[in-house]
Asks: 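I'd like to ask you about the structure that follows.
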Number of protein chains: 2
Amino acid sequence: MSTPASLPSRTGSRPGGRSARIRAAVHRAVGELLAEQGGEPLTIPVVAAHAGVHATTVYRRWGSVGELFTDVATSRFSGDIVVPDTGSLRGDLERYASDLARDLTDPDTLPLVRATIGAAGEQGASACTAERQQQLRAMLERDQARGHHTPTVEHATDALLAPLYYRAVFTDQPLTPDWTRTLVTHLLPD
Amino acid sequence: MSTPASLPSRTGSRPGGRSARIRAAVHRAVGELLAEQGGEPLTIPVVAAHAGVHATTVYRRWGSVGELFTDVATSRFSGDIVVPDTGSLRGDLERYASDLARDLTDPDTLPLVRATIGAAGEQGASACTAERQQQLRAMLERDQARGHHTPTVEHATDALLAPLYYRAVFTDQPLTPDWTRTLVTHLLPD
DNA sequence: CCAGTATCGCACTGATCACTGCGTTTCAGA
DNA sequence: TCTGAAACGCAGTGATCAGTGCGATACTGG
């Protein structure tokens with residue numbers, strides 16, 4: 001675990017270069033392998049072979065499965081959900097909770113979250129939720145700027161993010177739209 | 001942690017036999033190794049060596065790290081928290097949430113939860129929360145039997161279990177007593 | 001006390017993994 | 001176009017892992 005290995009190259013490269021293509025292939029391989037066989041622990045040679053890339057490359061760019069999963073999770077969970085702007089906090093939260101629920105229900109998502117948590121601990125867990133926390137904060141602050149009485153980020157996290165992630169990760173119950181709406185209703189009773 | 005009380009069992013007894021002793025040693029080894037080195041993934045030979053047991057034994061009894069972790073989590077999270085009986089639902093829940101928060105804050109607990117989720121997927125996650133769900137249900141049903149207007153198990157799970165586990169697993173924020181009391185207050189506003 | 005059985009330790013084997021030089025290819029900027 | 005630097009492919013090494021017979025040991029019920 002030496003190189004954090006963020007984006008390809010120091011000066012940056014074009015989105016069609018070889019480095020970016022390899023990165024995408026490895027990311028896709030992680031997702032696919034995690035989705036199909038969630039039992040056995042994934043190793044770097046297996047991922048590399050499935051991506052059509054040499055294991056050496058993966059070792060050098062990511063170093064360990066934990067850092068690889070963290071990188072995959074970070075890019076997988078960034079930019080995939082847009083903060084809605086419906087005009088009301090309730091509308092924003094209902095829409096956002098629904099989007100997040102659909103995202104977590106994706107068959108590829110859940111294994112990635114679990115594997116990242118297991119392989120990268122707190123850092124991996126943070127990679128799965130950091131952007132959500134920020135997006136939730138953005139919606140709340142925008143509502144507060146309108147002069148409304150807005151719940152705290154802490155309370156909204158407990159009432160929305162926590163149930164969504166808990167139900168997805170720890171249970172086998174479905175994340176239905178009715179249920180997500182109920183979560184928002186409990187947070188905003190008026 | 002379920003520690004066998006001091007019992008001068010000589011020979012041919014259930015809780016002091018060789019099989020049980022090995023099981024306890026392996027369980028303790030998993031906990032210790034998970035607590036100290038959370039980075040690298042744990043393997044069966046490493047666990048066996050640290051437990052003073054041959055790897056063959058671990059392979060034969062558990063088969064894989066996933067099943068081993070699930071077994072450790074199941075026994076670790078069973079019987080460690082007693083359902084309180086304070087006379088009121090609020091008192092029960094406050095006490096229970098506080099106990100659960102203290103349990104999740106234990107330095108040995110969190111790595112075990114994360115590793116179990118990562119290595120055993122849904123089955124592992126269930127091993128970490130199954131008993132909690134049952135205990136919560138017991139408190140709610142007891143209150144309902146008193147003729148009170150009681151929140152549903154689903155709602156209580158979203159409002160209590162979910163925030164506790166989410167904060168512990170996904171964030172680095174502390175699970176303070178004040179915060180756990182707030183969770184109960186939001187669930188029972190009256 | 002004595003069989004019968006289950007469990008464990010031991011010594012292996014094949015397979016896989018993590019990791020490393022070295023030559024080649026690709027890319028960015030002059 | 002050219003040049004230096006970064007990234008990649010390749011081959012190979014030592015270490016570790018998963019899994020398997022076989023003999024030895026500890027538990028079970030009679």
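So that the names make sense, note that chain A is the first sequence line, chain B the second, and so on, each numbered from 1. Fair warning: this is a prediction, and the values are worked out from it, not measured in the lab.
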Asks: Roughly how many Å is it from CD in B/Glu40 to C1' in D/dT16, rounded to a whole number?
Replies: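 Spelled out: CD on B/Glu40 to C1' on D/dT16 is 14 Å.
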Asks: Between C1' on D/dC27 and CZ on B/Arg61, what's the gap in Å once rounded to a whole number?
Replies: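 Computing the B/Arg61:CZ to D/dC27:C1' distance gives 13 Å.
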Asks: Kindly say if A/Tyr59 contacts the phosphate of C/dC19, meaning a side-chain N or O under 4.0 Å from OP1 or OP2.
Replies: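 Answer is no, no contact under 4.0 Å.
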Asks: Taking A/Arg114 for the side chain and A/Val169 for the main chain, is one N or O donor matched with an acceptor at less than 3.5 Å?
Replies: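 Yes; judged by distance alone, with no hydrogens or angles, the pair exists.
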Asks: For the pair made of CZ in B/Arg23 and P in C/dC8, what is the distance, rounded to whole Å?
Replies: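 From B/Arg23 CZ to C/dC8 P: 11 Å.
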Asks: Has A/Ser19 got a side-chain N or O lying under 4.0 Å from the OP1 or OP2 atom of D/dC8?
Replies: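 Answer is yes, contact under 4.0 Å.
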Asks: Of the options C/dC8, C/dC19, D/dC8, whose atoms approach the side-chain atoms of A/Ile22 most closely?
Replies: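 The answer is D/dC8.
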Asks: Under 4.0 Å between any heavy atoms, over every strand shown, what does B/Arg60 touch: base, sugar-phosphate, or nothing? Just pick one.
Replies: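 Since a base atom lies under 4.0 Å of B/Arg60, the category is base.
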Asks: Working to the nearest 0.5 angstrom, can you tell me the gap between A/Ser88 OG and A/Arg95 CZ?
Replies: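 The distance works out to 12.0 Å.
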Asks: Without decimals, in angstroms, what is the distance between B/Arg21 CZ and C/dG9 P?
Replies: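 Roughly 10 Å, once rounded to whole Å.
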Asks: Rounding to an integer number of Å, can you tell me how far B/Leu68 CG sits from D/dG19 P?
Replies: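 Roughly 14 Å, once rounded to whole Å.
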Asks: Side-chain donor or acceptor of A/Thr56 under 3.5 Å from a matching atom on the base of C/dT20?
Replies: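 Answer yes: a donor N or O sits under 3.5 Å from an acceptor.
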Asks: Are the side chain of A/Thr176 and the backbone of A/Trp179 linked by a donor-acceptor contact shorter than 3.5 Å?
Replies: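 Yes: the side chain of A/Thr176 pairs with the backbone of A/Trp179.
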Asks: Nearest of D/dC17, D/dG9, C/dA18 to any side-chain atom of B/Thr43?
Replies: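 Nearest listed nucleotide: D/dC17.
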Asks: For the residue pair A/Arg167 and B/Thr157, confirm or rule out a side-chain donor-acceptor distance under 3.5 Å.
Replies: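 No, no side-chain donor-acceptor contact under 3.5 Å.
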Asks: Of the nucleotides C/dC8, C/dA18, D/dC8, which one has an atom closest to the side chain of A/Pro45?
Replies: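 In terms of side-chain proximity for A/Pro45, the closest of C/dC8, C/dA18, D/dC8 is C/dA18.
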